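To start, the structure under review is shown below, and the notes come after it.
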Amino acid sequence: MMSVSRRQFILGSTALGAGIGLAGLLPAPARDRPSLPIPKEIRADSGGNIQLTSQKGTRRFVASGPTNTYGVNGDFLGPTIRVRRGESVTINATNALDEDTTMHWHGLIDLGKYDGSPHNVIKPGGTFTAPLNIDQPAATLWYHPHFYPTTAELVIKGLAGLFIIDDEESSGLGLPSQWGVDDIPIILQDRRFSTDGNFFHRMNMVAITTGYIGDYMLVNGANYPVATTARGWLRLRLLNGSNARSYRIKASDNRPLYVIASDGGLLAEPVELRELQMHSGERFEVMVDARDGKAFDLVTLPVKQTGMNLPPFHQPLPLATISPDGAATNGRLPDSLASMPPLDPNLPKQSQNLVMGMRLDDQGMGLLRKAGLMEMNKTGSMDQAVADRVVKLIQDGPALSLAAQLSANTVNGESFQLSETPFEVPIKRNLRWLISEGSDSMLHPVHIHGCQFRILAIDGAAPPAHIAGWKDIAPISNGGTCEIQVRFEHPASKSTPFMAHCHILEHEDSGMMTQFSVA
Ligand code: C2O
Ligand code: CU
Ligand code: CU
């Protein structure tokens with residue numbers, strides 16, 4: 001099967017060969033490159049309503065043809081929802097597609113019945129009405145469909161957007177806050193195209209093992225765009241909106257990244273990093289000092305995640321150019337950010353264990369091993385013949401039967417069942433949970449609905465400072481564990497329970513999800 005992706009690989013390598021990367025070289029010329037699309041903000045109207053319509057569209061990403069897409073109030077991706085703490089808004093999520101969907105507010109703390117989970121199905125032509133009381137700290141959340149078992153495909157086609165909460169505390173800090181000027185949304189997604197220009201997606205053995213492996217990057221829906229920004233401190237709101245891929249974000253000129261917020265809001269103080277790991281579904285707000293007006297690239301470095309080091313991700317890949325040649329702005333980086341409540345010193349002993357499991361791990365990993373992927377990874381360098389064999393497995397491997405797909409992966413030994421709510425959680429109590437994995441050694445960024453939690457320990461050690469604040473995703477890998485302090489403020493009934501699942505969407509759609517009520 002002749003595939004476009006091969007051509008993109010060649011293009012991608014040429015661009016890399018031209019010298020972008022970590023040697024402090026200049027970004028590729030902005031000429032002929034797209035500018036970074038800025039998803040426009042949407043606020044509640046005078047009646048307190050926000051209308052989101054999931055609809056079909058087309059967009060030209062690649063030369064081989066227009067891509068059939070989905071978008072919210074547009075062709076691809078959706079507007080940025082903007083609400084304030086204390087506000088009550090009603091979101092009307094309308095389905096103008098030909099298939100069932102839902103709309104979930106990822107990271108929002110609200111009632112189970114308005115969560116937009118797989119239980120809040122929106123039929124074609126239907127509307128899901130969610131009256132939401134915004135009562136949590138300022139944060140960069142996001143929204144995406146959560147229909148079981150086609151979440152992965154709905155997101156690939158383009159259904160996702162940012163959901164930003166503002167509050168008094170964050171507004172008083174003097175942080176950059178001019179949307180698209182010095183407050184810049186960055187939505188990272190990888191894609192793969194079929195020969196006809198449509199997005200490739202297939203639930204085959206590789207997909208349910210590694211998750212989606214793209215070979216083409218989109219940043220806010222554009223490939224290697226240029227963001228023309230203010231000349232000043234910039235606040236980058238990063239969302240890893242990829243189905244499965246992790247990134248290691250770095251500035252091409254090695255300038256520091258000051259992490260100011262994680263999934264659920266501001267940290268106590270900025271954390272200076274040179275390199276930031278981001279797993280599927282995670283958000284970080286990062287400040288960069290661009291007062292020098294010098295252009296640089298955001299780059300992703302190769303990651304260890306299985307299958308994710310194929311070209312063009314086998315070497316540093318530029319994602320977007322930040323070109324700070326606009327007007328000077330006066331947003332600043334404060335020394336301290338938000339009040340972070342201390343951890344509960346009297347946390348009860350562990351009341352819940354969530355064990356991610358993969359029933360077909362041996363088969364899936366067997367295919368990759370046979371193709372030579374594990375051997376290649378050990379050498380640390382790229383072997384084109386191996387990459388070609390793995391790409392063939394990704395693109396040509398037959399789709400699993402629905403039954404095989406739905407039973408491939410598990411939480412606590414069971415594949416997800418919409419009609420079963422395996423456990424109940426006490427409301428308004430600080431709890432200690434453990435997240436772990438079975439015998440596989442895959443990465444699982446585990447997400448829990450209806451809460452923001454705190455990571456107590458990763459693999460037994462205290463978490464690094466930038467993930468010690470509010471989180472709704474806990475990454476586990478290599479047989480590791482993650483211990484969290486978690487609390488649920490709102491009820492969720494057995495008929496509209498909260499989900500806990502791996503945010504590798506192909507894992508989620510193949511059984512690595514469970515649900516629980518809160519009372
Ligand atoms: Cu971002 Cu349960 O999802
Ligand atoms: Cu969620
Ligand atoms: Cu997983």
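Small disclaimer: the values here were computed from a predicted structure and weren't measured. Each ligand, and each atom within it, is numbered from 1 in the order the structure gives. Scope of the values below: all heavy atoms of this structure, side chains included, with no hydrogens, waters or symmetry mates.
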Q.
Suppose we only allow N, O or S atoms; which atom of His507 ends up nearest to the Cu ion (ligand 3)?
A.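 Nearest to the Cu ion (ligand 3) within His507's N, O and S set: ND1.
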(Q) Assess the residue pair Arg283 and Glu285 against the criterion (salt bridge (charged side-chain N to carboxylate O under 4.0 Å, His left out)); give the C-alpha distance rounded to whole Å, side-chain angles, the decisive distance to 0.1 Å, and a yes or no. (A) CA-CA 7 Å; Arg283 289 86 61 213; Glu285 292 178 31; over 6 Å; no
Q. Are the side chains of Leu406 and Tyr148 in touch, meaning some heavy atoms are under 4.5 Å apart?
A.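 Touching, per the 4.5 Å side-chain cut-off.
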Q) With side chains defined as the heavy atoms from C-beta onward, is the minimum distance between Thr410 and Met512 less than 4.5 Å? A)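 Contact flag for Thr410/Met512 side chains = no.
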Q: Please find the N/O/S atom of His106 nearest to atom 1 (Cu) of ligand 1 and write down its name.
A: ND1
Q.
If I consider every N, O or S atom in His144, which one ends up closest to atom 1 (Cu) of ligand 1? I only need its name.
A.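 That would be atom NE2.
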(Q) Between His490 and His449, is the ring centroid distance below 6.0 Å? (A)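 Not under 6.0 Å, so no.
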Q. Which value, rounded to 10°, describes the SG(Cys502)-the Cu ion (ligand 3)-ND1(His444) angle?
A.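 It rounds to 130°.
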Q.
Taking side chain to side chain donor-acceptor pair (under 3.5 Å) as the criterion, tell me which of His447, Glu282, His106, Glu508 meets it with His503.
A.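 So the option named by the test is His106.
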Q.
Checking side chain to side chain donor-acceptor pair (under 3.5 Å) between Glu506 and each of Thr151, Thr209, Asn243, which is the one that passes?
A. Asn243
Q: Less than 2.8 Å from the Cu ion (ligand 2) is the window; count the protein N, O or S atoms in it.
A: 2
Q. With a 3.5 Å cut-off and no angle check, do the side chains of Asn240 and His279 form a donor-acceptor pair?
A.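 The answer is no; no qualifying pair exists.
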Q.
Side chains of Ser493 and Ser495 only: does a donor on one sit below 3.5 Å from an acceptor on the other?
A.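 There is such a pair (donor and acceptor under 3.5 Å, judged by atom type) between the side chains of Ser493 and Ser495.
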Q: Decide, counting backbone as well as side-chain atoms, whether His503 has an N, O or S atom less than 2.8 Å from atom 1 (Cu) of ligand 1.
A: yes
